[in-house]
Chemist: 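Structure provided below as structure tokens; questions to follow.
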Amino acid sequence: MSTLASTAPEDVRQEERLYTAKPWTLIWWRFRKHKLAVASLVLLILSYSGALFADFVSPYRPFDIEKLQTFVPPQSVHLFSANGFEGPFVYGLKRSRDPDTARVIYATDETRIIPVRFFVEGPEYDFLGLIPTKLHLFGLDDPKQKLNLLGTDALGRDLFTRLMYGARVTLSAGLVGVSFSFLLGLGLGAISGYYGGMLDTSIQRLMEFIRSIPTIPLWMGLAAAVPIAWDPLYVYVLITVILSLIGWTYLARVVRGRFLALRNEDYVMAARLSGASEFRIITKHMLPAMTSYIIAALTLAVPEMILGETALSFLGLGLRPPVVSWGVLLQDAQNLRSIALAPWLLLPGVAVVIIVLAFNFLGDGLRDAADPYGR
Amino acid sequence: MAGETLPPMPPERLIELNDVAVHFSLREGLVRAVNGVSYHVNKGEVLGVVGESGSGKSVTVRSIMRLQPKTALDAGGAIRFRLPDGSVTELNRLPRDGREIRSIRGRHIGMVFQEPMTALSPVHSIGTQIARTYQLHTGASKEAARNRAIDLLARVQMPRPREMVDVYPHQLSGGMRQRAMIALALTCEPSLLIADEPTTALDVTTEAQILDLLRSLQAEFGMAIIFITHNFGVVADIADRVAVMYLGRVAETGTVDQIFYHPKHPYTRALLQSIPRLGQKRVHRLKTIPGMVPDPFNIPAGCVFHPRCEHAVAGRCDVAEPASRTFDGGQIARCHLADSLPELVS
Amino acid sequence: MVGFIIRRIAWAIPTLAFVSFIAFFIIQLPPGDYVTAYAAQLKHSGEYLSPDQEELLRQQFGLDQPIFIQYLDWIGNILLHGDFGRSLEWNANVSDLIWDRLGLTLAISTLSMIFTWAIAIPIGVYSATRQYSFFDYVFTIFGFVGKGIPEFMLALVLMWLGFVYFNFDVGGLFSAEYATAPWSYDRVIDMLKHLWVPVVVLATGGAAGLIRVMRANMLDEMGKPYVETAYAQGLSERQVIWHYPVRVALNPFISTVGWALPALFSGDIIAAVVLNLPTTGPLLLKALQMQDMYLAGSFILILSVFTVVGTLLSDILLAWSDPRIRYG
Amino acid sequence: MTALADDTLISVRGLKKHFPIQKGWLQRVVGHVKAVDDVSFDIKRGETFGLVGESGSGKSTVARLILRAYTLTAGEILFRQPDGSNLDISTLREAELRPIREQMQMIFQDPYSSLNPRMTLLDLIGEPLIIHGRGSQGEIRDRVQELLTLVGLRPEYVSRYPHAFSGGQRQRIGIARALALNPSFIAADEAVSALDVSVAAQNINLLQDLQEKFGLTYLFITHDLSMVEHISNRIGVMYVGRLVEVAPTEALFAKPLHPYTEALLSAVPEPDPRARHARKRVALKGEIADPANAPSGCAFHPRCAYATDRCKAEVPELRDMGQGRKVRCHHADGLSLTGVIPA
């Protein structure tokens with residue numbers, strides 16, 4: 001007991017805080033130490049909010065065609081001009097034709113300074129689908145002038161705007177797909193792990209079988225069977241279902257493994273021997289111990305779905321125009337000529353890579369933090 | 001610094017540890033896992049090292065083999081080992097992956113680990129593992145090494161050694177695996193065998209078989225053994241001399257009789273009294289040591305055992321760390337009160 | 001061991017049967033059937049089929065039979081005569097179209113896999129043994145990024161870089177003058193010049209993943225007691241690492257060989273479309289886009305068979321390398 | 001159902017548990033592990049019954065069967081109710097078992113895995129109270145604090161999580177949980193084996209104090225023979241799923257009747273260096289048999305120095321030898337075996 005007396009009261013309080021911290025607090029404390037994972041979390045929150053408020057964040061509408069503004073390169077926002085500080089602005093563009101190839105080329109006109117304004121009026125839209133408004137996060141005062149942060153495509157559509165709208169589809173496809181897989185995986189994994197026996201064996205066999213089918217050809221085959229004439233919304237749902245049909249085995253394996261491990265834990269038996277009902281054991285003992293692992297596994301499954309959707313749409317088998325998704329946007333970058341002419345068309349691909357990396361980092365961080373009681 | 005002033009080792013001495021310290025630098029702070037351990041082993045002698053978990057007994061023997069984890073810091077002390085040609089090397093000065101220490105490991109010092117299940121490679125047959133060691137140290141042919149493996153398996157009393165040589169560890173029972181492990185450690189007839197809790201994972205009857213085997217092998221090969229255990233019964237069974245460790249220090253060393261019948265350190269006494277013995281007159285309560293082993297980040301000041309010691313004297317035991325004191329018959333205890341404790345009533 | 005292989009093969013057979021059924025099912029998925037599509041094609045060229053004629057054709061092709069009978073017909077033709085049906089789009093027998101391309105695909109995939117392993121294993125071992133060193137971090141970052149970049153993206157970027165900075169079209173497998181030329185020494189050299197791009201593209205993603213797996217496995221294994229035993233035997237660090245933990249850490253690798261090949265096939269499809277390679281990928285894509293279902297179904301069937309066989313092979317390899325499984 | 005002697009709390013009769021061995025992809029049953037095979041014994045009210053045996057002997061399975069953690073393959077478990085009647089609990093369903101669970105509890109070996117790390121001590125120790133509706137939230141909290149004090153932990157620890165405690169303390173938390181419902185019977189499965197010597201002694205003393213205070217009956221399972229001698233009144237020795245000998249502690253240690261018991265006792269390493277040469281160890285040939293493939297007849301015969309052809313052919317019965325002793329050996333009458341303590 002003299003050891004206790006020799007430690008400062010501050011330490012004791014610290015210790016007591018650790019000893020009485022809730023499991024999720026401990027997980028959060030551990031997660032916080034992964035700087036990259038925390039940064040990824042912030043990035044993902046920003047991206048998803050950007051997608052949710054795409055119409056507000058982007059200055060234009062995704063289908064606004066500007067015939068005189070095709071293949072405009074990304075414009076950079078400046079703060080200082082030759083005259084000193086100006087606040088955010090872009091230079092005007094001078095449009096001309098290359099005398100040899102007759103291609104349109106753009107040059108910045110340093111004499112024309114066009115200030116970038118925040119909360120400007122632009123094309124009308126319904127905020128969150130409810131409130132009609134014209135307010136946009138940023139834009140130019142003069143509706144004749146265009147602000148193309150990431151350039152434009154062959155039809156003069158603003159790539160930044162399309163990227164934000166595309167994020168809605170691509171990012172949500174990951175979540176929707178994962179929720180489908182999750183339902184399947186959790187259900188079958190839990191049944192398999194909890195009941196065991198013949199049921200477990202048959203589900204195991206089924207999973208083994210599904211894993212022995214090459215994923216992408218199967219996706220492609222199924223996706224190709226989706227009738228072209230269908231409503232884009234149906235196609236979207238169907239594509240995510242197809243993606244999840246194959247992805248669930250991984251989740252089911254995680255869930256089953258946890259269930260099996262937990263079922264044999266002494267504390268679960270202790271609860272049973274105290275007379276706890278099946279329901280109580282599952283809800284009070286097993287599920288709380290699994291949630292953090294499942295969340296980590298889900299996080300790691302999202303990027304697979306995003307990559308799947310992008311790949312299918314890129315190949316023209318998934319979502320098709322007029323739906324805007326990152327995979328659809330990348331279709332424009334399929335041939336060498338257009339990339340050579342307008343390399344910024346690859347930017348949706350960069351966005352995919354960043355989001356996928358962020359999910360991977362986040363998932364890794366979560367997985368490391370998932371068991372705060374590791375011995 | 002200690003190395004230069006140490007007296008030369010007497011000729012019968014095989015290995016001597018002087019004031020060995022091993023620390024670990026962890027995120028939570030510096031852990032002094034081993035903090036001034038001194039003991040020695042003479043040729044052909046069995047030293048039993050006893051202590052509870054966290055006493056540093058395993059870390060100490062790993063520093064003999066220079067097998068500490070990479071996070072370990074050598075924090076001083078000397079480990080001197082006599083080679084068969086009579087020369088003495090200071091093991092603690094050898095680089096961890098150097099040629100010299102490698103020529104000692106497995107050849108002059110063999111080691112047996114606690115978990116025979118995981119301590120043998122799962123993807124090599126036991127014969128392959130033994131033969132590789134033999135070839136490494138003797139340059140023998142494959143054929144000779146295989147024969148050596150069969151011979152060793154026979155010597156550790158494995159049934160059907162000619163078949164067992166091609167068997168994989170997971171096909172064997174715990175006791176058989178431990179026999180294979182011992183055969184592996186004895187491949188080159190080392191002069192010192194380090195056994196780290198070799199019987200802890202085994203059942204009593206198997207434990208007895210392994211202890212008998214070790215004893216007969218020791219008579220046959222004439223090697224010395226450092227036998228680590230937490231079981232006083234096992235020590236009493238096999239050791240000539242005993243070192244009792246507590247919190248990274250040696251509390252007491254002496255012959256097995258001295259430790260069991262005339263313990264001088266209150267910790268040794270308390271431990272001996274806290275274990276139930278067969279045929280002991282039925283007592284209702286066991287004697288206990290109050291409190292628990294402190295965690296390695298909060299090692300008590302003064303004598304590390306004082307908070308749990310029934311004889312501790314305030315102002316002395318909680319202030320000054322006691323020095324090792326030598327008594328008649330070479331018994332050494334680290335306690336301020338070692339010669340003034342009341343006689344044991346047995 | 002023999003018993004194990006027999007049992008394993010016995011299990012592969014129902015899987016193959018089921019896989020083939022799925023492939024057939026996919027062929028049947030789009031609305032309409034072969035005759036509808038054939039009629040549409042004829043209509044395109046100005047001819048017209050009456051409903052009666054269509055019905056007659058259906059009977060002739062057995063399309064009025066229940067789906068299961070049709071399946072038996074289809075699979076029977078494949079198994080007994082190697083007849084995969086006819087491609088409408090190419091107006092040719094499917095089997096004439098695919099074998100050439102499959103050969104090239106197999107070559108590229110195998111090469112990529114060897115390349116992947118040659119990179120991933122040493123780097124994984126290095127990263128694990130020098131944990132938290134500078135290069136460990138470099139490889140870790142490579143691992144993450146490599147896993148995050150989809151193959152087609154990498155292919156696009158490589159093509160763009162090659163075109164803009166080296167003025168060199170890295171697409172295709174042959175330069176224009178060799179594309180249709182018969183095989184010759186020069187043609188092989190020309191192919192090798194082009195081959196590195198798909199190999200790099202396919203190997204990057206795979207290697208990135210495998211480095212991470214290898215590193216994690218190695219770290220796991222190196223903490224195990226048998227490694228300490230090996231050190232205590234007097235082996236040097238190099239001997240210990242390559243003879244013990246690497247041997248064990250490779251097991252999960254071996255178990256993925258079977259999946260690695262089909263996974264490469266899958267990756268190859270998309271990369272090959274981008275890089276315009278004369279492999280199976282673009283043909284399958286085209287078949288799917290045109291709903292040329294016999295061709296597509298055959299591809300799916302063959303790729304699935306490869307996967308099943310690959311899995312079977314890796315299971316056997318694993319049993320061969322790990323006595324715990326062999327005798328388990 | 002036969003009547004129980006007045007002082008008997010639990011009577012186990014012909015207990016069997018066979019686990020199927022499944023193989024292949026279709027999980028066909030290719031055999032059975034006879035983990036427990038025809039085990040019968042009584043536990044008297046207020047006594048400590050020790051069950052010893054090597055790993056794989058089935059001793060833990062016996063405890064789990066009595067507590068009905070597993071379903072039995074065969075056998076009866078008679079349990080005396082507080083009103084004096086006895087009840088066969090071997091065939092009760094989970095719902096019918098609930099009132100029984102209040103009377104019998106278990107202490108686990110591993111102090112780490114037996115406590116849910118995501119629950120506070122209040123939730124952990126209070127769980128049985130909540131399940132059986134013992135009082136309001138406030139009352140449960142008071143009771144948990146009382147239990148903590150009882151096992152020597154500070155009552156203000158209620159809101160801590162298990163990771164705050166050392167192995168020995170966790171074991172005490174487990175004891176407090178087992179005591180929560182005032183059971184009459186506790187099965188302690190290797191309850192102190194995982195602990196350090198000095199801590200094990202503290203917990204053994206605690207168990208003995210609690211037994212005295214509440215008149216508890218223990219089934220004490222261990223492989224540590226010195227410990228079992230210290231704590232038990234009577235002992236059962238198991239070998240490969242069968243009980244080979246039952247006897248009062250002193251009698252068993254002084255003069256075993258079964259050759260296996262003799263060998264087991266002689267293998268115990270004694271903390272007495274002078275005794276090592278004085279004592280003769282009974283060498284056991286070979287290894288403990290595999291319960292999936294037990295030898296014919298008496299499972300011990302391949303290792304037994306006294307075995308005859310009869311032992312190979314015929315399974316011996318557990319015979320009553322008088323003075324509360326039972327033994328499962330054909331030759332028990334003719335053998336004169338040596339124990340490890342003076343008679």
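Every chain is numbered from 1, with letters handed out A, B, ... down the list of sequences.
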Chemist: Would a distance-only check, ignoring hydrogens and angles, find a side-chain to backbone donor-acceptor pair under 3.5 Å from Q209(B) to L284(D)?
Modeler: yes
Chemist: Less than 4.5 Å apart, any side-chain heavy atom of P269(D) and any of E207(B)?
Modeler: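 With C-beta onward as the side chain, the pair touches.
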Chemist: Let me know if I288(D) has heavy atoms under 4.5 Å from chain B in its side chain, its backbone, both or neither.
Modeler: neither
Chemist: Just how far is it from atom CG of D209(D) to atom CZ of R285(B), taken to the nearest 0.5 Å?
Modeler: 4.5 Å
Chemist: Who among S173(B), A239(B), P276(B) has the most heavy-atom pairs with chain D under 4.5 Å?
Modeler: P276(B)
Chemist: Is there a side-chain contact between P271(D) and I275(B) in this structure, where contact means two heavy atoms from C-beta onward sitting under 4.5 Å apart?
Modeler: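 They are in side-chain contact.
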Chemist: Looking at residues at least two apart in the chain, or sitting in another chain, which of them share a salt bridge (charged side-chain N to carboxylate O under 4.0 Å, His left out) with D224(D)?
Modeler: none
Chemist: Please rank S266(D), A200(D), S226(D), G339(D) by heavy-atom pairs under 4.5 Å with chain B and give me the top one.
Modeler: S226(D)
Chemist: Check the pair F253(D), L278(B) against side chain to side chain contact (heavy atoms under 4.5 Å, CB included), reporting the backbone distance first and the verdict last.
Modeler: CA-CA 8 Å; F253(D) 278 80; L278(B) 289 182; 3.2 Å; yes
Chemist: Are R274(D) and Y261(B) in a cation-pi contact, defined as NZ or CZ under 6.0 Å from the six-membered ring centre and within 45° of the axis?
Modeler: yes
Chemist: Applying side-chain hydrogen bond (donor to acceptor under 3.5 Å, both in side chains), which residue pairs with at least one partner in residues 188-206 of chain D are found, sequence neighbours left out?
Modeler: E52(B)-S198(D), S53(B)-D196(D), R308(B)-S198(D), S60(D)-D189(D), R64(D)-D189(D), R172(D)-N203(D), E190(D)-S193(D), E190(D)-H223(D)
Chemist: Considering non-hydrogen atoms only, spot the tightest contact between S274(B) and A201(D) and give its length.
Modeler: O-CB, 3.6 Å
Chemist: Test side chain to side chain contact (heavy atoms under 4.5 Å, CB included) on Q169(D) and M292(B) and set out the steps.
Modeler: CA-CA 9 Å; Q169(D) 290 173 316; M292(B) 47 189 185; 3.8 Å; yes
Chemist: Go through L211(B), L202(B), D257(B) and name the one with the most non-hydrogen pairs under 4.5 angstrom from chain D.
Modeler: D257(B)
Chemist: For V340(D), which atoms come within 4.5 Å of any heavy atom of chain B: side chain, backbone, both, or neither?
Modeler: side chain
Chemist: Quick one: of A208(B), A236(B), G54(B), who has the most non-hydrogen atom pairs under 4.5 Å with chain D?
Modeler: A236(B)
Chemist: What part of E287(D) lies closer than 4.5 angstrom to a heavy atom of chain B: side chain, backbone, both or neither?
Modeler: side chain
